[in-house]
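Proteins come first, then strands; the chains are lettered A, B, ... in the order of their sequence lines, and each starts at number 1.
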Amino acid sequence: MPTHAKEADPALRVKVLESILTEKGLIDPKALDALVDTFEHKIGPRNGARVVAKAWVDPAYRQRLLTDGTAAIKELGYSGLQGEDMVVLENTDEVHNMVVCTLCSCYPWPTLGLPPVWYKSAPYRARVVADPRGVLAEFGVTIPETTEVRVWDTTAELRYLVLPKRPEGTDGLSEEQLAALVTRDSMIGVGVLAAAA
Amino acid sequence: MNGIHDLGGMHGLGPIIREENEPVFHAPWEGRAFGLFAATFVFAGYTVDEFRHEIEKMGHAEYLEHSYYEHWLVAFEQVLEKRGFVTAEERAKRMAELEKGVH
């Protein structure tokens with residue numbers, strides 16, 4: 001890599017590429033504006049939360065979701081880049097699943113949006129596969145010793161979504177109300193959902 | 001290929017730092033870099049594997065010291081140069097122009 005690129009301000013380096021590519025007619029800055037807007041405002045963990053809530057209230061959907069995650073998620077309109085091949089992992093009393101991408105940052109964009117910095121950071125990627133319960137403790141989560149903890153390392157092609165356990169005391173809630181309870185961290189497996197008050 | 005990116009199980013990297021109410025992008029340039037991924041993917045015809053490979057070839061210290069979207073910048077520059085869309089010379093020239101306030 002040329003030395004100047006190492007030293008230069010990243011904002012300037014992006015501007016260099018964007019301006020050259022725009023000048024050559026290879027990209028449209030308005031398309032970039034639209035992408036940024038989409039991922040800042042339209043795609044995020046609320047999408048995944050709707051998938052989870054539907055699975056909690058609709059046993060047939062839950063079954064489809066666990067059998068063919070990609071197709072079942074697409075039923076709710078979520079598909080595309082970084083969600084082409086989805087596997088849904090169901091958390092139960094027996095098994096607690098959590099997700100990492102040790103090699104990089106793979107994450108299911110259509111259902112969770114872009115990953116938080118900690119998910120892409122070296123400490124999480126290094127430690128979660130060696131000491132998952134220690135990592136969970138850092139997130140304030142304790143999983144009973146009798147529950148098996150499984151850590152799933154994402155590949156470049158496949159994306160995982162955790163189906164968290166439905167909190168106790170939520171029997172009377174609507175699908176929409178349930179979706180509001182689902183956190184991003186619970187769909188990565190570093191969070192659990194507290195029982196409703 | 002193994003290397004510094006293959007972080008699973010490595011010790012000594014410190015605590016996991018989380019941010020409350022984290023923004024999707026921490027600076028406008030991160031958003032532009034993100035947008036470039038989808039935009040360049042379309043015409044340049046590279047794969048995610050190739051993109052990642054460029055990041056994985058970074059020096060180990062450099063990899064750990066630079067942020068996520070800076071890794072992407074390295075990959076963009078290399079992939080676009082290899083395919084002849086943007087050469088290092090073009091980048092250097094435009095950088096100098098931008099620094100002088102041209103464009």
Completion exercise
Between the SG atom in Cys104(A) and the CD atom in Glu56(B), the distance rounded to the nearest 0.5 Å is 7.0 Å
Completion exercise
So, the part of Ala31(A) with a heavy atom under 4.5 Å from chain B: the answer is neither
Problem - Side chain to side chain, Leu12(A) and Trp29(B), heavy atoms closer than 4.5 Å - result: no
Handout entry: Side chains of Tyr68(B) and Val117(A) in contact at under 4.5 Å (non-hydrogen atoms)
Key = no
Exercise for the section: Sort Phe37(B) into side chain, backbone, both or neither according to what part of it lies under 4.5 angstrom from a heavy atom of chain A. Expected result: side chain
Handout entry: Lys/Arg-Asp/Glu bridge criterion (N-O < 4.0 Å) met for Arg13(A), Glu70(B)
Key = no
Exercise for the section: Answer yes or no: is there an ion pair linking Glu90(B) with Lys24(A), defined by an N-O contact shorter than 4.0 Å? Expected result: yes
Exercise for the section: Apply the test side-chain contact (heavy atoms from CB on, under 4.5 Å) to residues Ile27(A) and Phe43(B): give CA-CA distance (whole Å), side-chain angles for both, the deciding distance (0.1 Å), then the verdict. Expected result: CA-CA 8 Å; Ile27(A) 62 167; Phe43(B) 71 81; 3.6 Å; yes
Practice task
Compare all side-chain heavy atoms of Gln82(A) with those of Val48(B) and state whether any distance is below 4.5 angstrom.
Solution key: yes
Fill in the blank from the handout: Greatest number of non-hydrogen atom pairs under 4.5 angstrom with chain A, of Leu36(B), Ile17(B), Ile4(B), falls to Leu36(B)
Exercise for the section: Could you check if a side-chain atom of Leu17(A) sits within less than 4.5 angstrom of a side-chain atom of Arg91(B), using non-hydrogen atoms only? Expected result: yes
Practice task
State, to 0.1 Å, how close Leu64(B) and Ala122(A) come at their nearest heavy-atom pair, and which atoms those are.
Solution key: CD2-CB, 4.1 Å
Problem - Nearest-0.5 Å distance that lies between atom OH in Tyr124(A) and atom CG in Leu7(B) - result: 13.5 Å
Completion exercise
If one checks every heavy atom of Val129(A) against chain B at 4.5 Å, the contacting part turns out to be side chain
Practice task
Look at atom CD of Glu176(A) and say whether more than 12 heavy atoms of other residues, nucleotides or ligands are closer to it than 6.0 Å.
Solution key: no
Exercise for the section: Run the salt-bridge test on Asp33(A) and Arg32(B) with the 4.0 Å N-O cut-off and return the result as yes or no. Expected result: yes
Problem - Interface moiety of Leu114(A) toward chain B, non-hydrogen atoms closer than 4.5 Å - result: side chain
Exercise for the section: Check Ala130(A) against Gly9(B) and note the closest heavy-atom contact, atom names and distance. Expected result: CB-CA, 4.2 Å
Problem - Side chain proximity check, Phe34(B) to Leu32(A), heavy atoms < 4.5 angstrom - result: no
Handout entry: Spacing of Leu98(B) atom CG and Lys15(A) atom NZ [to the nearest 0.5 Å]
Key = 5.5 Å
Exercise for the section: Dump the intermediate steps for side-chain contact (heavy atoms from CB on, under 4.5 Å) on Ile20(A) and Phe85(B), then the final yes or no. Expected result: CA-CA 9 Å; Ile20(A) 295 172; Phe85(B) 290 110; over 6 Å; no
Problem - Tyr119(A) versus chain B, the contacting section by heavy-atom distance below 4.5 Å - result: neither
Practice task
With the side chain counted from C-beta on, respond yes when Glu23(A) and Arg94(B) share a heavy-atom pair under 4.5 Å apart, and no when they do not.
Solution key: yes
Practice task
Could you tell me whether His60(B) atom NE2 has more than 12 heavy atoms of other residues or ligands within 6.0 Å of it?
Solution key: yes
Practice task
Please assess Leu80(B) against Leu21(A) for the test side-chain contact (heavy atoms from CB on, under 4.5 Å), listing each intermediate value before the final yes or no.
Solution key: CA-CA 10 Å; Leu80(B) 292 171; Leu21(A) 293 169; 3.9 Å; yes
Exercise for the section: Would you check, one step at a time, whether the test side-chain contact (heavy atoms from CB on, under 4.5 Å) holds for Ser67(B) with Lys120(A)? Expected result: CA-CA 9 Å; Ser67(B) 74; Lys120(A) 303 178 283 191; over 6 Å; no
Problem - Glu22(B) side, atom CD; Trp118(A) side, atom CH2 - distance, nearest 0.5 Å - result: 9.5 Å
